[in-house]
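Structure record follows, encoded as structure tokens.
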Number of protein chains: 2
Amino acid sequence: MLKEAEKTFSDFLEKKDLKLTSQRRTILRVAFEAEGHFSAEALLSLSKKADSTISKATVYRTLALLKESQILEEQDFGDGKKVYERAQGRKHHDHLICIRCGKIIEFENEPIERLQNAEAQKHRFKIVYHSLKLFGFCNSCG
Amino acid sequence: MLKEAEKTFSDFLEKKDLKLTSQRRTILRVAFEAEGHFSAEALLSLSKKADSTISKATVYRTLALLKESQILEEQDFGDGKKVYERAQGRKHHDHLICIRCGKIIEFENEPIERLQNAEAQKHRFKIVYHSLKLFGFCNSCG
DNA sequence: CTCTCAATTGAGACTAATTCTCAACTAGAG
DNA sequence: CTCTAGTTGAGAATTAGTCTCAATTGAGAG
Ligand SMILES: [Zn+2]
Ligand SMILES: [Zn+2]
Ligand SMILES: [Zn+2]
Ligand SMILES: [Zn+2]
């Protein structure tokens with residue numbers, strides 16, 4: 001999993017004449033070890049544990065590259081900071097977000113995806129990406 | 001339309017022991033005259049034309065109240081600032097957003113709404129609100 | 001291995017949307 | 001009219017994210 005992502009990332013960087021630095025390598029690895037959805041701030045803090053000299057600017061810059069290479073995906077759950085999650089090698093999914101406890105539930109729903117495409121077609125619109133978020137109360141917070 | 005909203009707003013304020021001030025009245029009226037999706041900044045600028053003493057803080061505070069009373073709905077189309085649109089008296093809809101020209105297309109899709117509810121039920125989750133945004137290229141930007 | 005240089009980095013300044021503070025002001029009940 | 005809790009404007013504060021720039025480094029050429 002990580003190996004594949006490293007390959008994807010180095011190919012991506014090479015294609016853009018960018019360099020695979022030790023900082024970029026570290027941040028990618030740390031992002032892969034992080035579970036679920038993590039913020040830039042959390043990634044910075046975890047990355048510093050592996051290499052205390054890694055800076056905020058580099059984490060943000062690297063996140064942009066990981067997003068562009070589709071290794072990570074950016075999500076905005078509406079709490080003022082963006083979060084990221086692994087995308088490469090995973091199926092697309094959407095989210096249920098509990099507005100009381102913050103719990104995130106992921107789901108895959110092919111029929112919805114198909115209807116979204118049909119709706120876009122109706123407007124002669126080409127979807128590049130989409131975001132479906134259902135906010136409310138989870139089972140425990142109901 | 002505006003009359004109904006004024007009634008909703010004054011009832012809402014009364015129920016919360018808040019006052020219907022001239023600033024709040026002005027901002028509500030200006031929001032109703034504004035077409036489509038507008039930012040807090042745009043609403044401030046329009047409100048100042050009606051009453052030059054209205055401040056940024058009051059616009060933000062009033063927007064929060066209009067949102068809470070469900071007269072307006074807040075949207076985040078991902079360009080760094082939130083936008084608002086009339087909600088009272090309108091049907092729920094979701095959005096197609098062109099990532100080249102910024103055009104917003106609204107659509108209503110009952111089957112998708114039903115599938116969302118079914119998906120939530122599957123997780124014993126109570127939806128309070130949701131957001132479905134399809135980003136891509138519109139007809140003209142294709 | 002060394003040279004070279006464009007790409008990269010860390011530190012911290014900066015940006016911009018939104019929120020907060022507080023003293024002066026006012027809606028509206030009585 | 002009076003009283004007072006709620007409201008206001010001005011600008012400071014907050015904060016996620018971006019930018020600047022001098023020093024550093026990856027990696028291809030020799
Ligand atoms: Zn989806
Ligand atoms: Zn997810
Ligand atoms: Zn919807
Ligand atoms: Zn809309």
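Sequence lines set the chain letters: A, B, ... in the order given, protein chains first and strands last, and positions in each chain run from 1. Here the structure is a predicted model, which is why all the values come from computation and not from measurement.
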Closest contact, heavy atoms only, B/Phe77 versus B/Phe135: O-CE2, 3.5 Å
Option among B/Glu108, B/Glu110, B/Glu73, B/Glu106 that satisfies the salt bridge (charged side-chain N to carboxylate O under 4.0 Å, His left out) test with B/Lys91: B/Glu108
Close side-chain approach of A/Gln23 and A/Arg61, heavy atoms under 4.5 Å: no
Nucleic acid contacts - residues 43-62 of chain A versus DNA chain C, non-hydrogen atoms under 4.0 Å: A/Thr53, A/Ile54, A/Ser55, A/Lys56, A/Ala57, A/Thr58, A/Arg61
Donor-acceptor contact below 3.5 Å, side chain B/Arg24 vs main chain B/Lys19: yes
Between B/Gln75 and B/His37: side-chain donor-acceptor atoms closer than 3.5 Å: no
B/Leu66 backbone acceptor or donor facing B/Ser69 side chain under 3.5 Å: yes
Rounded distance (Å) that lies between atom P of C/dT19 and atom CG of A/Asp79: 13 Å
Electrostatic pair B/Lys122-B/Glu119, nearest N-O below 4.0 angstrom: yes
Whole-Å distance separating the NZ atom of B/Lys81 from the P atom of D/dG17: 17 Å
Those residues of residues 7-42 of chain B lying under 4.0 Å from DNA chain C by at least one heavy atom: B/Lys19, B/Leu20
Whole angstrom value for the distance that separates C1' of D/dG17 from CG of A/Asp76: 13 Å
Rounded distance in Å - CZ (A/Phe77) to P (D/dA16): 17 Å
d(CG, B/Leu65; C1', C/dT18) in whole Å: 15 Å
Which atom of A/His123 lies closest to which atom of B/Asn139, heavy atoms considered: O-CB, 4.4 Å
